[in-house]
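Scroll down for the structure; my scribbles are underneath it.
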Amino acid sequence: MTASGAVEAGTTEADEDRVFAALASAVRREVLRLLRDGGPQPVQALAGHFDMRRPSLSEHLRVLREAGLVSEQRSGRQRIYRLEAAPLAEVQDWLHPYERFWRGRLKDLGALLDRMPDDDVT
């Protein structure tokens, strides 16, 4: 979806809904952070960061995969997960007008505070 609210070519609203739903989970956001900071990792390495059973983590990875946020590559018996950041650009595009809104509000607040007299604190 573009900043104007239109869905980009090749992207459906269902795709965007999957991305936002995937990002709704703190566990999935942490998996994305781990992959961003540490690069591609086997599921065993990712599992070591969470206090949950492997099937639960596998479900989170499936949601991320279906949203297009991670890809999976098999190497022998291992599954290596890699961050796929392209869908996050769509989220950033969607958030951009809100960021401009809040920057404007904070700028207005700063201007108001600058106009207020300083109280002498003793």
Side-chain angles (χ1 to χ4, degrees):
M1 183 176 297
T2 64
S4 66
V7 176
E8 291 183 9
T11 303
T12 67
E13 286 186 39
D15 292 337
E16 290 180 354
D17 288 347
R18 274 193 286 275
V19 171
F20 280 101
L23 295 174
S25 164
V27 169
R28 293 190 286 266
R29 290 191 307 271
E30 179 64 9
V31 168
L32 294 176
R33 186 195 67 75
L34 290 167
L35 293 173
R36 181 197 68 206
D37 293 349
Q41 298 179 43
V43 68
Q44 296 87 341
L46 293 169
H49 294 276
F50 300 97
D51 186 23
M52 67 176 66
R53 303 189 77 119
R54 279 277 294 282
S56 296
L57 179 60
S58 292
E59 179 64 20
H60 285 290
L61 290 166
R62 182 189 63 76
V63 171
L64 290 169
R65 207 173 47 252
E66 289 177 356
L69 292 165
V70 300
S71 60
E72 173 190 81
Q73 178 183 3
R74 293 178 190 241
S75 177
R77 291 176 36 160
Q78 287 190 337
R79 293 179 183 194
I80 310 295
Y81 286 87
R82 173 184 318 274
L83 175 65
E84 300 294 341
L88 295 174
E90 296 166 14
V91 172
Q92 184 176 8
D93 289 346
W94 186 85
L95 288 171
H96 186 69
Y98 298 98
E99 182 182 346
R100 282 195 327 256
F101 169 81
W102 282 111
R103 282 188 184 177
R105 293 291 180 128
L106 291 172
K107 183 179 175 185
D108 293 345
L109 176 61
L112 174 66
L113 292 173
D114 289 343
R115 289 192 308 267
M116 292 177 69
D118 291 333
D119 291 337
D120 288 337
V121 179
T122 56

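Here the structure is a predicted model, which is why all the values come from computation and not from measurement. Position 1 is the first residue of the sequence, and the numbers go up from there.
Looking at D93 and H96, their side chains never come closer than 4.5 Å, going by heavy atoms from C-beta outward. For the pair L32 and L23, the minimum side-chain heavy-atom distance is below 4.5 Å. Looking at R103 and E99, their side chains come closer than 4.5 Å, going by heavy atoms from C-beta outward. The shortest side-chain heavy-atom distance between F50 and L34 falls under the 4.5 Å cut-off.
Taking both residues in full, the closest heavy atoms of L64 and V31 are given as CD1-CG1, 3.7 Å, listed atom of the first, atom of the second, then distance. In this structure, A67 and V19 approach most closely via the heavy-atom pair O-CG2, 3.5 Å. In plain terms, the two heavy atoms of I80 and S75 that are nearest each other are CG1-CB, 4.3 Å. What you find for A22 and L69 is that their closest heavy atoms are CB-CD1, 3.8 Å. The minimum heavy-atom distance linking G68 with E84 is given by the pair O-CB, 3.3 Å.
For R29 (side chain) and A24 (main-chain N/O), a donor-acceptor pair under 3.5 Å exists by modelled atom type. Side chain of R28 to backbone of A21: a donor-acceptor contact under 3.5 angstrom is found. Remark: side-chain polar atoms of R79 are not paired, donor with acceptor, to backbone N or O of V43 under 3.5 angstrom.
Applying the 6.0 Å contact sphere to OH of Y98 captures no more than 12 heavy atoms from other residues, nucleotides or ligands. Remark: R82 CZ is loosely packed, at most 12 non-hydrogen atoms of other residues, nucleotides or ligands lying under 6.0 Å away.
Checking R65, Q41, Q73 one by one against Y81, the side chain to side chain contact (heavy atoms under 4.5 Å, CB included) holds for a single residue, R65.
For the atom pair CD of E30 and CG of L35, the computed distance is 10.0 Å after rounding to the nearest 0.5 Å. Distance CG/L57 to CG/D51: 12.0 Å, rounded to 0.5 Å.
Taken together through direct or relayed side-chain contacts under 4.5 Å among Ile, Leu, Val, Met, Phe, Trp and Tyr, L88 and W94 form part of one hydrophobic cluster.
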